[in-house]
There are 2 protein chains.
Amino acid sequence: MGRRGPYICGIDAGMDVVAGKWKSLILWELNNYGTRRFGELRRGLPGVSEKMLVQQLREMEEDGLVHREIYREVPPRVEYSLTPDGTSLNEALGALGTWGQQRVERLAAEGILVEVSPTA
Amino acid sequence: MGRRGPYICGIDAGMDVVAGKWKSLILWELNNYGTRRFGELRRGLPGVSEKMLVQQLREMEEDGLVHREIYREVPPRVEYSLTPDGTSLNEALGALGTWGQQRVERLAAEGILVEVSPTA
DNA sequence: CAGCATCCTCAGGGATACTG
DNA sequence: CAGTATCCCTGAGGATGCTG
């Protein structure tokens, strides 16, 4: 979970909550689909391990970014979605996404960037 | 340095470059002061070790975010400043900073947040 | 299906001492 | 002053196997 302070500034506090290899991606994924099941999320995030996905989701839940809805069925179904806080955080990351996108395009044009995994 | 891809989305690419405990703070500091010497930066970032500060600055230089100007004097003087890319990245983080600031204020109001180090 | 438990690796990061 | 150079350690993150 976030360390809950002390923070040096707002960016510090914001970064604290998005840190973690998959959190910004989970935010993005949940925002795109509205609601996703655990397995869908897993397939949408190439390279996550189960453990990491559970862990990051739990932390984001503690931080009030993600809502977890459990359906007591067989087989079990659990659906994840963004809370209002999660949604606003995702919006706050929009500008960073645009910046990153432009950077990727520029680096690709210069042949510096590896767009696709070399082994793929 | 950033891993230079492959990236899943723009946010992924952006986060890649700001990751690292001190980078967003260095961005913020350099943006506020325009230009800072190594020692000033060190004092402005409570808790950084020399090693980490050098390391993060070098990576940011490689990533084209920071400019390093060396003055061959005795004693040595080195001044750091943001490149246009660094400046635009900092701007892109503005919304995240605002989000974080509001979060801090809300958590503080609820008594959840530790604003000041307990030992201080 | 959606986890939990365990074990293990490795790199991010800290502490300390030395130098041009 | 602005760094190198080392050594060390924690913990984030990965791999694998089991369960309600």
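In the text below, chain A, chain B and the rest are named by the order of the sequence lines, each starting its count at 1.
In this structure, A:Arg42 reaches neither bases nor backbone, as no heavy-atom distance under 4.0 Å exists between it and the strands shown.
Take the nearest nucleotide of DNA chain D for B:Val78 and for A:Gln55: the residue whose nucleotide is more 5' is B:Val78.
With sequence neighbours excluded, the residues that form a side chain to side chain donor-acceptor pair (under 3.5 Å) with B:Arg36 are B:Glu29. Residues forming a side-chain contact (heavy atoms from CB on, under 4.5 Å) with B:Glu105 (at least two apart in sequence, or on another chain): B:Gln101. Partners of B:Glu62 according to the salt bridge (charged side-chain N to carboxylate O under 4.0 Å, His left out) rule, which considers only residues two or more places apart in sequence or in another chain, do not exist here. With sequence neighbours excluded, no residue forms a side chain to side chain donor-acceptor pair (under 3.5 Å) with B:Asn31. Annotation: side-chain contact (heavy atoms from CB on, under 4.5 Å) contacts of A:Asp12 (sequence neighbours excluded): A:Arg3, A:Tyr7, A:Ile8, A:Cys9, B:Leu25. For the salt bridge (charged side-chain N to carboxylate O under 4.0 Å, His left out) test, no residue two or more places apart in sequence or in another chain qualifies with A:Glu69.
What separates CZ of A:Arg37 from C1' of C:dA2 is a distance of 9 Å, to the nearest Å. In this structure, A:Leu53 places its CG atom 14 Å from C1' of C:dC4, rounding to the nearest Å. Taking atom OH of residue A:Tyr80 and atom P of nucleotide C:dC1, one finds them 15 Å apart after rounding to whole Å.
You can see that DNA chain D meets the heavy atoms of chain B within a 4.0 Å-exclusive cut from D:dC1 to D:dT6, reading 5' to 3'.
Residues of residues 28-36 of chain B that place a heavy atom closer than 4.0 Å to DNA chain C do not occur. The stretch residues 65-72 of chain B does not touch DNA chain C, since none of its heavy atoms comes less than 4.0 Å from the strand.
At a threshold of 4.0 Å, the pair B:Glu79-B:Arg77 counts as salt-bridged, since one of the basic side-chain nitrogens sits closer than that to a carboxylate oxygen. Under a 4.0 Å N-O distance rule, the pair B:Asp16/A:Arg103 does not qualify as a salt bridge.
Summary for the helix from C:dC1-D:dG20 to C:dG20-D:dC1: the axes at its two ends, each from 5 pairs, differ by 60° when rounded to the nearest 10 degrees.
Regarding contacts with the backbone of C:dG13, a side-chain N or O of B:Gln56 is found under 4.0 angstrom from either OP1 or OP2.
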What one-letter contact string describes nucleotides 15-20 of chain C from 5' to 3', where B marks a base within less than 4.0 Å of any protein heavy atom, S marks contact via sugar-phosphate atoms alone, and - marks no contact?
B-B--B

Show me, pair by pair, the donor-acceptor contacts under 3.5 angstrom made by side chains of residues 43-58 of chain B, not counting sequence neighbours?
unit_1  : atom_1 : unit_2  : atom_2 : d
B:Ser49 : OG     : B:Met52 : N      : 3.2
B:Gln56 : OE1    : B:Trp22 : N      : 3.4

